[in-house]
Amino acid sequence: MKSKIKLSATALAKAIRDKEISSTEVVDSYIKRIKEVNPKLNAVVQLSEETARDQALRADNALVRGDIFGPLHGVPITIKDSFDTAGLISTGGTRGRSNFVPSKDATVVSRLRSAGAILLGKTNTSELTLTYETNNLIYGQTNNPYDLSRSPGGSSGGAAAIVAAFGTAFDIGSDYGGSLRFPSHCCGVATIKPTSGRVPRTGHILPFGGALDSFQQIGPIARFVEDLSMLLPIIAGPDYIDPSIVSKEFYDPNEVDLTSLRVAFHSDNGISSPSRETDKVVRAAAALLDSEGSTLTEICPDGIEESYDLMIKLLSADGGTSIRRLLKQAGTKDHTLPWLGLADPVDATRFDALIMKLFRFRSTMLSFFKDYDVILCPVNAFPAVPHGSLGADLEAFSYTMTYNMTGWPAAVVRGGTSPDGLPIGVQIVAHPWREDVALAVAGYLEKTLGGFHPPI
């Protein structure tokens, strides 16, 4: 494996701009790598080989003229198959869209292309992004690069798996209940779920809108935290289509003073007890922040124990109507969505009570957070599990569900390794619009705990 594909996206972009390497070389190297690892992983489901090479040549020729397309000039990327990509099949993991080719890019894809990125292909997702296992009836199952018998998580499992396997500089995924954070935890890579309202969902298979609109955010997956800091401002901001997106300032993670941070940490949320190694990793991360000078308190947020029960009830409250609408729009008849079997439709009175409970939950959590700057906790109760076993303990996902309901930014970085050699991530939660704080802590833990380690 050549060193160029091991570079961070930030370093790679600089090397291309400085003409130390060509975009054509990098694109060729990534395509070669995808062809090496993808037969075992099944992470990349569409490969745009010819177009990517043509665009790389165009990028190289532009540099000769002194033209730079943007901060990602000539950098090859992949995109989760839940996003529309003009001219390339975009299924969202559902059979009705098996041959659907959009005429227009999703907003985030358009912004990345405008910044100079080159689309290599699409990565696998669960159907409509709605399960924690990356598997669907079109492309099948994606495997974890650290252990092929295990799941890479979902729904951005294809993205996390190919990033970890050095098949792309970075990917863009989505997160409705942990779909960025859980796969990144399973595959040992870094991500950030930004604040609700930061990044447009326009052109995503699970669209904006509805009573639970604020639950879903879009974010990057990369091997290095510095790439998250570079990418988030590129994809963020209003597109004047998604009505929930606002224009908010970004702050520089490099200016965050770790010694001034008040950190609340817990390894057990009282819903699903973590594995022994998960507990150990979170405590080691907390101890490092303590040694850096942060004020550390072991404490669980008030009301967090309601997270799982409340989220499940909210997801099933419409009796599966919203999912059936999406399946109908896609033209899908056969599906793999277990949520429809769990649907528990409620009447208007019960639905009103659920929504009011959600806002009380948010208020209680926010009142707790006023005394802290960061919450440090597990991403999930367990490392990656064998295929087909994710439904055994859905409560383990409450660690991510909590912060979809609050809408707060949450980063993930690798914190350690299980006895089986599986990555274990740490989740870093910050106040609304303070992604800089989450990224600063993630960057520090990456540096002190070792960060990304390639699959053996």
Side-chain angles (χ1 to χ4, degrees), residues 80 82-84 105-112 114-115 129-130 155-156 172-181 184 191-221 228-253 256 301 307 310-311 314-315 322 355-356 358-370 373-375 400-412 427-440 442:
K80 184 180 179 180
S82 56
F83 294 95
D84 285 351
D105 283 332
T107 294
V108 292
V109 177
S110 175
R111 287 176 175 176
L112 291 166
S114 294
T129 75
L130 291 177
S155 60
S156 306
I172 300 294
S174 59
D175 193 311
Y176 192 59
S179 287
L180 283 165
R181 290 162 291 159
S184 295
T191 193
I192 185 163
K193 177 189 76 68
T195 306
S196 178
R198 182 70 94 173
V199 181
R201 285 79 49 93
T202 309
H204 189 255
I205 188 69
L206 191 65
F208 57 76
L212 308 183
D213 174 76
S214 65
F215 285 18
Q216 179 175 231
Q217 287 95 54
I218 306 302
I221 292 177
L228 309 179
S229 301
M230 185 256 298
L231 293 167
L232 197 51
I234 293 174
I235 62 174
D239 65 352
Y240 300 97
I241 301 172
D242 185 336
S244 298
I245 308 304
V246 299
S247 180
K248 292 289 288 186
E249 181 182 1
F250 276 100
Y251 302 100
D252 185 353
V256 174
S307 297
L310 179 56
M311 181 128 180
L314 286 163
L315 290 174
S322 59
I355 294 298
M356 291 308 298
L358 171 63
F359 277 85
R360 286 194 297 273
F361 170 82
R362 288 173 173 168
S363 178
T364 301
M365 290 284 291
L366 191 60
S367 294
F368 166 85
F369 212 9
K370 74 178 186 297
D373 303 298
V374 170
I375 297 171
T400 51
M401 290 175 174
T402 299
Y403 302 107
N404 290 94
M405 289 193 290
T406 64
W408 300 341
V412 169
Q427 184 171 208
I428 306 117
V429 183
H431 282 259
W433 314 112
R434 295 308 305 269
E435 288 89 352
D436 61 312
V437 174
L439 290 169

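Any value given below was found using the heavy atoms of this structure, including those in side chains, with hydrogens, waters and symmetry copies removed. For reference, positions follow the sequence shown, starting with 1.
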(request) For Gln427, check side chain to side chain donor-acceptor pair (under 3.5 Å) against everything at least two apart and list the hits. (result) Arg181
(message) Taking salt bridge (Lys or Arg N to Asp or Glu O under 4.0 Å) as the cut-off, I'd like each qualifying pair that reaches into residues 192-221, sequence neighbours left out, listed once.
(response) Arg198-Glu435, Arg201-Asp213, Arg201-Asp242
(request) Could you walk me through whether Thr406 and Leu366 pass the side-chain contact (heavy atoms from CB on, under 4.5 Å) test, one step at a time? (result) CA-CA 8 Å; Thr406 64; Leu366 191 60; over 6 Å; no
(message) Going by side chain to side chain donor-acceptor pair (under 3.5 Å), name the residues that satisfy it together with Ser307, two or more places apart in sequence or in a different chain.
(response) Thr402
(message) Thr364: which residues meet the side chain to side chain contact (heavy atoms under 4.5 Å, CB included) condition with it, sequence neighbours left out?
(response) Asp302
(message) I'd like to check Ile375 versus Phe368 (side-chain heavy atoms, cut-off strictly below 4.5 Å). Are they in contact?
(response) yes
(message) Does any part of the side chain of Pro194, heavy atoms only, come nearer than 4.5 Å to the side chain of Lys248, both counted from C-beta?
(response) no
(request) Tell me, with the steps shown, if Leu112 and Ile235 meet side-chain contact (heavy atoms from CB on, under 4.5 Å). (result) CA-CA 7 Å; Leu112 291 166; Ile235 62 174; 3.9 Å; yes
(request) Hey, could you give me the CG/OG distance between Asp252 and Ser229, rounded to the nearest 0.5 Å? (result) 8.0 Å
(request) Measure across Pro220 and Leu228 and return the closest heavy-atom pair with its distance rounded to 0.1 Å. (result) O-CD2, 3.6 Å
(request) Report the residues that fulfil side chain to side chain contact (heavy atoms under 4.5 Å, CB included) with Tyr240, sequence neighbours left out, ordered by chain and then residue number. (result) Pro238
(message) Less than 4.5 Å apart, side chain to side chain, heavy atoms only: is that true for Thr400 and Leu180?
(response) no
(message) Quick check: closest heavy atoms across Ile218 and Val108, and the distance to 0.1 Å?
(response) CG2-CG1, 4.0 Å
(request) Quick one: list whatever passes side chain to side chain donor-acceptor pair (under 3.5 Å) with Thr129, sequence neighbours left out. (result) none
(message) Test: salt bridge (Lys or Arg N to Asp or Glu O under 4.0 Å). Region: residues 403-412. Which pairs qualify, not counting sequence neighbours?
(response) none
(request) Flag the pair His204 / Gln216 as yes when at least one side-chain heavy-atom distance between them is below 4.5 Å, and no otherwise. (result) yes
(request) Check the pair Asp239 / Arg111 against side-chain contact (heavy atoms from CB on, under 4.5 Å), numbers first and verdict last. (result) CA-CA 10 Å; Asp239 65 352; Arg111 287 176 175 176; 3.6 Å; yes
(request) Taking all non-hydrogen atoms of both residues into account, name the closest pair between Val437 and Asp373 and its distance. (result) CG1-O, 4.1 Å
(request) Give a yes or no answer on whether the side chain of Ser367 reaches the backbone of Ser363 with a donor-acceptor pair at less than 3.5 Å. (result) yes
(request) Please confirm whether the backbone N or O of Asp175 pairs with a side-chain atom of Asn404, one donor and one acceptor, at under 3.5 Å? (result) yes
(message) If the condition is side chain to side chain donor-acceptor pair (under 3.5 Å), which residues does Arg360 pass it with, not counting sequence neighbours?
(response) none
(request) Would you indicate whether the side-chain heavy atoms of Pro233 and Phe250 approach each other to under 4.5 Å? (result) yes
(request) Applying side chain to side chain contact (heavy atoms under 4.5 Å, CB included), name anything that partners Pro432, two or more places apart in sequence or on another chain. (result) Thr195, Trp408
(message) The test is side-chain contact (heavy atoms from CB on, under 4.5 Å); show your working for Phe215 and Leu206 and say whether it passes.
(response) CA-CA 11 Å; Phe215 285 18; Leu206 191 65; over 6 Å; no
(request) Check whether any side-chain N or O of His431 sits under 3.5 Å from a backbone N or O of Phe369 as a donor-acceptor pair, and report yes or no. (result) yes
(message) Measuring from atom CD1 of Ile192 to atom CD of Gln217, what distance do you get when rounded to the nearest 0.5 angstrom?
(response) 10.5 Å
(message) Looking at every heavy atom in both Gly203 and Ala106, which two are closest together, and how far apart are they?
(response) O-CB, 3.6 Å
(message) Rounded at 0.5 Å granularity, tell me how far CG in Leu130 sits from OG in Ser322.
(response) 8.0 Å
(message) So which atom in Ala411 and which in Ala442 form the shortest heavy-atom distance, rounded to 0.1 Å?
(response) CB-CB, 4.3 Å
(request) State which residues pass ring-ring contact (aromatic ring centres under 6.0 Å, His included) with Tyr176; sequence neighbours excluded, sorted by chain then number. (result) none
(request) For residues Ala440 and Pro253, report the shortest heavy-atom separation together with the two atoms involved. (result) CB-O, 3.4 Å
(request) Answer whether the closest heavy-atom distance between the side chains of Leu314 and Ile355 falls below 4.5 Å. (result) yes
(message) Using the side chain to side chain contact (heavy atoms under 4.5 Å, CB included) criterion, which residues pair with Ser179? Sequence neighbours excluded.
(response) Lys80, Ser155, Ser156
(request) Nearest 0.5 Å please: distance from the CD1 atom of Ile172 over to the OG1 atom of Thr191. (result) 8.5 Å
